[in-house]
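Worksheet: one structure, shown below.
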There are 2 protein chains.
Amino acid sequence: MKATIYDVAKEAGVSIATVSHVINGKGKISKERREEIRRIMVRMGYKPSMIASALTGKKTYALGLLVPDISNPFFAEIARAVEDEGQRHGYSVFICSTDNKDEKVEHYAALLQQKNVDGVIIGTGLKELSALDPLLHGGIPTAFLAREIPSAQVPSVVVDDHAGGAAAAAHLIALGHRKFAVLAEEESVSSSRERVRGFRQTLAAAGIVLDPALVRSSGMKESMNQALELLQGDDRPTAIFCCNDMLAIGALRAAKQLGLRIPRDCSIVGFDDTVLASVTDPPLTTIAQPIEQMGQTVVRLLVRLIEQPEERPERIVLTPALSIRQSAASRPPE
Amino acid sequence: MKATIYDVAKEAGVSIATVSHVINGKGKISKERREEIRRIMVRMGYKPSMIASALTGKKTYALGLLVPDISNPFFAEIARAVEDEGQRHGYSVFICSTDNKDEKVEHYAALLQQKNVDGVIIGTGLKELSALDPLLHGGIPTAFLAREIPSAQVPSVVVDDHAGGAAAAAHLIALGHRKFAVLAEEESVSSSRERVRGFRQTLAAAGIVLDPALVRSSGMKESMNQALELLQGDDRPTAIFCCNDMLAIGALRAAKQLGLRIPRDCSIVGFDDTVLASVTDPPLTTIAQPIEQMGQTVVRLLVRLIEQPEERPERIVLTPALSIRQSAASRPPE
DNA sequence: CTGAAAGCGCTTACAG
DNA sequence: CTGAAAGCGCTTACAG
């Protein structure tokens, strides 16, 4: 069987308290004894059980990461950044895909609380904040990533989505476009709402009105159909702003199906700049989120919150950047 | 503070043993009492601490998933399937990206053992099996996914990589190709070796010799350079078989950089059929792995091993399928 | 049908 | 400098 603290204590002829002290580098132990016990631990292949120490010492060194879908490249890239930074601080991470469904959020929230994780990162949308009750009431440190709930007093790292939408609009306007459509995510996703708002405002500032009928909300699955409708209407838009790269790919597919050439017949701008953006046909012009930095930053925020719960929650805003490839070009001549 | 089993026992006027029994549906408890205690639990918002029960009841209901890189779409999709199936059986999953480095494998193996996970899925390559010692010796149920170590007596679910490589070769031969190159993963990755072997054998059976100088191993980063070399040599191959979709994308980029048209000037076949394959330019003809089925199957295998350790390890082979898109076409006329 | 008690593998005051 | 003992929140024989 696996060695326990009792086994090494017996082997070393000391009490388990002493062994515990050398494990944790606490108490005053003579140098020789400490070394001796260390040697015995490695010889016996002893590793303290984290679950036993969690039951006493409090921490489990586990974090939960809630995202809509880990198989979505954007969140997969976020997850990697979170994993790496977590690792750096000694934490492992549980993946939790919610499909943006409150029931799943609630289920995972309860589960993570039962598992006594030290903290959780919320990178998923939710309709009712109450889905997070098990966490918030359970007193589990929580940080928001790329989403936020204005009312909640929790730290968050967000990207300036409004600025991102504005950047997309400015770029398209500069290319001469005047007639736009938008492919947005579901209404409940605050980041998507902000992107549209930034896009619309920048258009307005240029004296262009965004026709509400040409702003469509949809999941990944239906984005192609929505795009087909937009591209088939008479008075077709010359540019489509999509609130993430997957939606943009739906638009690209719709265009291809209709025999339209991108960007000649219609410009398309995405958002996220995941690996997908660089492999599409044509490569996507998109608003890049600083994915690695986002993951690193939330973890740091969360770890600080875990270690110093008294500090007031921070809100960190990162800036997206226009990444120009080939899916957006000058407006076609009339 | 959070309610404990003592709190609900006191509230109900019974012993903690009785509460424990109703939680676990064990022992004989009068129906009324059982219901009463249930009500009290929900009223107090009581959820048993999984870490306390793990310390006694044995199981943590946590699984580890080792993959080279969770941000790689193939493994992200695997992770989602594993998460979902794990969830179905009551398990949560820790993500562990190893970058195919033995040190990281070993680090995670030790960590997962310390965390007392109930089982781990190895979906990563490794050079030395000994990196898994903490798991194998620690008696932690382990299953291999998409990789395997012949010597290890552990269950595994693999795809018939040899057949996949053969299918790619057969398709390209049927299209009239005779001069091939291969972009493979690192030598240590057994699945990649098998794919090349299947490819080579099928060529051989058709009387075609695969020039060893045209078989290149590389990571994702260098694949484009390798492809550039292959495509720039005199006597350029008319088709390149790539051992995963990312490598194929490297080849696509190299071709584009050289001004070559795919598939007119060179056919490219990938492997995996992740989301990437459908968004490239042109869409990738590739060998599809049954990703969802793979994830589901390993989890089932592992769960069975956890619950019935005495059963002998199974080895399940799933079959890949050619997924035809537009990156491979008839050999250009001489 | 229900409870007292030991134990899981640790940590942490508290004594000495 | 080191150890005895209580306790973390549960589960599980064992009695009754």
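So that the names make sense, note that chain A is the first sequence line, chain B the second, and so on, each numbered from 1.
- Counting to the nearest Å, the C1' atom of C/dG9 and the CE atom of A/Met50 are 14 Å from each other.
- Which of D/dC10, C/dA5, C/dT2 sits closest to the side chain of B/Ala52 comes down to D/dC10.
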key: side chain to side chain donor-acceptor pair (under 3.5 Å) evaluation trace for B/Glu103 with B/His107   = CA-CA 6 Å; B/Glu103 341 137 25; B/His107 171 252; over 6 Å; no
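- For the atom pair CD (A/Glu77) and CG (B/Asn72), the distance works out to 10.0 Å, reported to the nearest 0.5 Å.
- Between the CD atom of B/Gln114 and the P atom of C/dG9 there is a distance of 15 Å, given to the nearest Å.
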ask   = Which dot-bracket notation, 5' to 3', represents the base pairing of DNA chain D when pairs are defined as Watson-Crick or G-U with both distances under 3.5 Å, crossing pairs as [ ], and inter-strand pairs as |?
value = |||.||||||||.|||
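- Protein atom OH of B/Tyr46 is 7 Å distant from nucleotide atom C1' of D/dG9, rounded to whole Å.
- Distances shorter than 4.0 Å separate some side-chain N or O of A/Ser15 from OP1 or OP2 on D/dG3.
- Distance from the side chain of B/Ala17 is smallest for D/dT12 among the nucleotides D/dC10, C/dC10, D/dT12.
- For B/Ile16 and D/dC8, the CD1 to C1' distance is 12 Å, given to the nearest whole Å.
- Heavy atoms of A/Thr4 sit under 4.0 angstrom from primed sugar atoms or phosphate atoms, though from no base atom.
- Under a 4.0 Å N-O distance rule, the pair B/Lys101/B/Glu106 does not qualify as a salt bridge.
- Taking atom NE2 of B/His21 as the reference point, atom C1' of D/dT12 lies 7 Å away to the nearest angstrom.
- Between A/Asp7 atom CG and C/dC8 atom P the separation is 11 Å, expressed in whole Å.
- Nucleic acid contact class of B/Ser20 (heavy atoms, under 4.0 Å, all strands): base.
- Regarding contacts with the backbone of C/dG7, every side-chain N or O of A/Tyr6 stays at 4.0 angstrom or more from both OP1 and OP2.
- Among the heavy atoms of the strands, none lies under 4.0 Å from A/Ile51.
- Residue A/Lys59 contributes atom NZ, which lies 12 Å from atom P of C/dT12 at whole-angstrom precision.
- The phosphate of C/dC10 has neither OP1 nor OP2 within less than 4.0 Å of any side-chain N or O from A/Ser53.
- Classification of the A/Phe94-B/Phe94 ring pair by plane angle, with boundaries at 30° and 60°, yields parallel.
- A side-chain N or O of B/Ser97 and one of A/Glu83 form a donor-acceptor pair less than 3.5 Å apart.
- In this structure, A/Lys10 places its NZ atom 14 Å from P of D/dA4, rounding to the nearest Å.
- With D/dG3, D/dG9, D/dG7 as the choices, the nucleotide that has an atom nearest any side-chain atom of A/Thr18 turns out to be D/dG3.
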task = Check the pair A/Tyr6 / A/Glu11 against side chain to side chain donor-acceptor pair (under 3.5 Å), numbers first and verdict last.
result = CA-CA 8 Å; A/Tyr6 291 97; A/Glu11 184 75 12; over 6 Å; no
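- With contacts defined as side-chain heavy-atom distances shorter than 4.5 Å, the pair A/Val154/A/Pro313 does not qualify.
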